[in-house]
There are 2 protein chains.
Amino acid sequence: MRPVGLALAVVDRVAELQPIGASDLARHIALPKATVHRLLLALESYGWLERDAGPRPRWSLTVKPIGIGGRAIERKSGLRMAALSVMDSLRHETGETVHLGLLHGDKMLLIERIDGIKSVGIFLPVGTSWDLTWSSSGRAILANLSADEQREFLRTPRYRRRSETDVIPVGELMAELALVRERGFAISVGIAGANSSSIGAAIFDRHGAPFAGLSLSGAVDRLREPELMALAPLLVEAARRISMGMALQV
Amino acid sequence: MRPVGLALAVVDRVAELQPIGASDLARHIALPKATVHRLLLALESYGWLERDAGPRPRWSLTVKPIGIGGRAIERKSGLRMAALSVMDSLRHETGETVHLGLLHGDKMLLIERIDGIKSVGIFLPVGTSWDLTWSSSGRAILANLSADEQREFLRTPRYRRRSETDVIPVGELMAELALVRERGFAISVGIAGANSSSIGAAIFDRHGAPFAGLSLSGAVDRLREPELMALAPLLVEAARRISMGMALQV
DNA sequence: ACCATTGTCCCGCATTATGGGACAAATAGA
DNA sequence: TCTATTTGTCCCATAATGCGGGACAATGGT
């Protein structure tokens with residue numbers, strides 16, 4: 001099934017680099033130009049890719065993967081359904097924006113967002129993903145992994161970055177994670193340069209493994225540590241209710 | 001590139017029917033069991049599909065397409081970026097939920113949602129798609145297509161359904177579309193049995209062709225025709241601003 | 001005006017997908 | 001409980017198809 005693998009690799013890279021030309025793309029995935037070209041034409045004929053008109057076409061994704069991704073979320077494990085009403089209550093109780101993310105390999109994937117009453121100014125698009133340590137809910141998941149899994153993650157410096165260049169020492173991160181685990185939530189004040197703060201908690205499957213995260217986010221000048229701490233009980237309770245709802249399903 | 005086409009067909013159908021067994025799936029896409037089985041294994045190895053453990057595995061999508069779809073939206077035509085701030089203003093002015101949809105073939109695809117201050121209770125997931133006539137923004141697009149394109153759509157009864165069974169007579173729909181075009185917006189009170197009402201307007205590319213739609217939605221007991229009419233100027237102005245923003249790009 | 005780069009296509013070779021069929025295991029039915 | 005049906009998995013000979021080097025013209029940067 002080699003062509004399938006190559007085609008999917010092309011889709012993946014085009015998603016990342018679009019709009020991109022054929023030769024450039026061929027260089028990125030280290031394949032002969034002719035092969036990439038053939039794959040692009042095939043993917044176009046199946047409605048997954050499109051190119052702008054012109055002598056040097058640039059390729060982009062069509063909306064097809066969006067629809068497919070949407071359906072994937074919908075039927076996936078029932079998490080979204082189980083979480084929605086809880087998320088809505090939470091946003092009404094707190095006025096802040098609620099995010100629901102899914103653990104996906106070594107990333108956190110944003111599945112659903114319910115906007116707060118109070119404005120934040122930034123709206124993360126569903127489908128965004130980022131490193132686990134970057135978000136409060138990601139660190140809440142990290143803190144609740146088994147010791148082995150945790151060590152596995154922390155081994156690579158990639159997963160210990162606070163920003164592009166700033167790597168967190170293992171000891172410091174371990175200490176924070178221990179605290180997070182004990183409290184049941186993680187906080188971020190003014191994360192990653194953006195002017196938003198957040199507090200996150202993990203959601204567990206029926207075997208007790210963390211697989212998703214729930215977070216509350218708001219403008220950093222409104223939410224400093226004391227305010228975040230005050231929100232914690234509501235958030236933790238909401239995450240617990242979602243975990244319970246998931247456990248009841250099939 | 002036959003295997004690629006088959007693999008994508010499998011992904012598409014699995015998204016629709018998940019969780020589904022191999023034999024069942026083979027019947028749906030009219031392919032030999034052996035072929036489908038091989039494709040499933042391949043797609044699993046590339047991380048696009050997964051199966052639950054057990055003697056009769058059921059296949060589902062992984063979150064991979066979600067991430068890809070998300071990136072597709074992000075870089076796609078800049079629509080989302082151009083629309084966000086306008087959508088945010090709109091929700092603060094009106095308190096209602098704002099939806100941004102993209103015309104995709106004969107469907108409307110939900111790209112972004114900003115939740116209103118007032119509760120609706122239902123949250124359409126990004127990635128949902130539906131027939132053009134079902135949503136107010138879809139009908140706003142329909143109304144602004146060229147006469148030829150419009151005739152093309154209305155020829156098939158599929159696109160004239162108010163519900164599963166209720167088909168709108170061509171004359172009636174044409175009359176409504178003419179009115180929508182003149183006013184610049186379409187309204188739906190209590191659409192499709194759900195308890196929400198909405199008002200929608202079209203967004204145009206720089207050639208003047210409608211390619212996306214903006215809508216305001218709220219609970220039907222709060223938004224009847226008079227209230228919707230009162231919201232119209234704000235919505236139409238917002239859609240116009242997004243169209244202008246798009247025209248300035250590139 | 002030059003020249004490196006790009007998009008596109010061709011074609012002989014060899015790799016690879018194909019799908020009927022066989023089998024065991026699991027479910028549905030009685 | 002026993003039987004009939006369906007399901008998941010695998011094998012294999014045959015035919016089909018993807019492969020990628022290379023050639024060419026069009027393009028655009030300098």
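Small disclaimer: the values here were computed from a predicted structure and weren't measured. All chains are named by letter (A, B, ...) in the order of the sequence lines, taking the proteins before the strands, and each is independently numbered beginning at 1.
A donor-acceptor pair is defined here as one N or O able to donate and one able to accept, closer than 3.5 Å; such a pair exists between the side chain of A:S243 and the backbone of A:A239.
One finds a side-chain N or O of A:S23 lying less than 4.0 angstrom from the OP1 or OP2 phosphate oxygen of C:dG7. The shortest distance between the side-chain N/O atoms of B:H37 and the OP1/OP2 oxygens of D:dG8 is not below 4.0 Å. Considering only side-chain N and O atoms, B:R51 lies under 4.0 angstrom from the phosphate OP1 or OP2 of D:dT9. Look at A:R27 and you won't find any side-chain N or O under 4.0 angstrom from OP1 or OP2 of C:dT5.
Here the side chains of B:L110 and B:W130 are in contact, with some heavy-atom distance below 4.5 Å.
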Can you list, pair by pair, the side-chain donor-acceptor contacts under 3.5 Å of residues 39-49 of chain A, counting residues two or more places apart and other chains?
residue, atom, partner, partner atom, Å
A:E44, OE1, A:R51, NH2, 3.3
A:E44, OE2, A:R51, NE, 3.1
A:S45, OG, A:A42, O, 2.7
A:Y46, OH, B:M1, O, 3.1

Nucleotide-resolved protein contact map, nucleotides 18-23 of chain C, B/S/- at heavy-atom distance under 4.0 Å
BBB---
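Not counting sequence neighbours, the partners of A:D12 by the side-chain hydrogen bond (donor to acceptor under 3.5 Å, both in side chains) test are B:R71. Among residues two or more places apart in sequence or in another chain, the salt bridge (charged side-chain N to carboxylate O under 4.0 Å, His left out) test is passed with B:D148 by B:R151.
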Distances under 3.5 Å only, N/O to N/O: pair up the protein atoms with those of nucleotides 25-27 of chain D.
residue, atom, partner, partner atom, Å
D:dT27, O2, A:R56, NH2, 2.6

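Note on residues 236-246 of chain A: pairs passing salt bridge (charged side-chain N to carboxylate O under 4.0 Å, His left out), not counting sequence neighbours, are A:E237-A:R240.
Distance CG (B:L41) to P (C:dA17): 12 Å, rounded to an integer number of Å.
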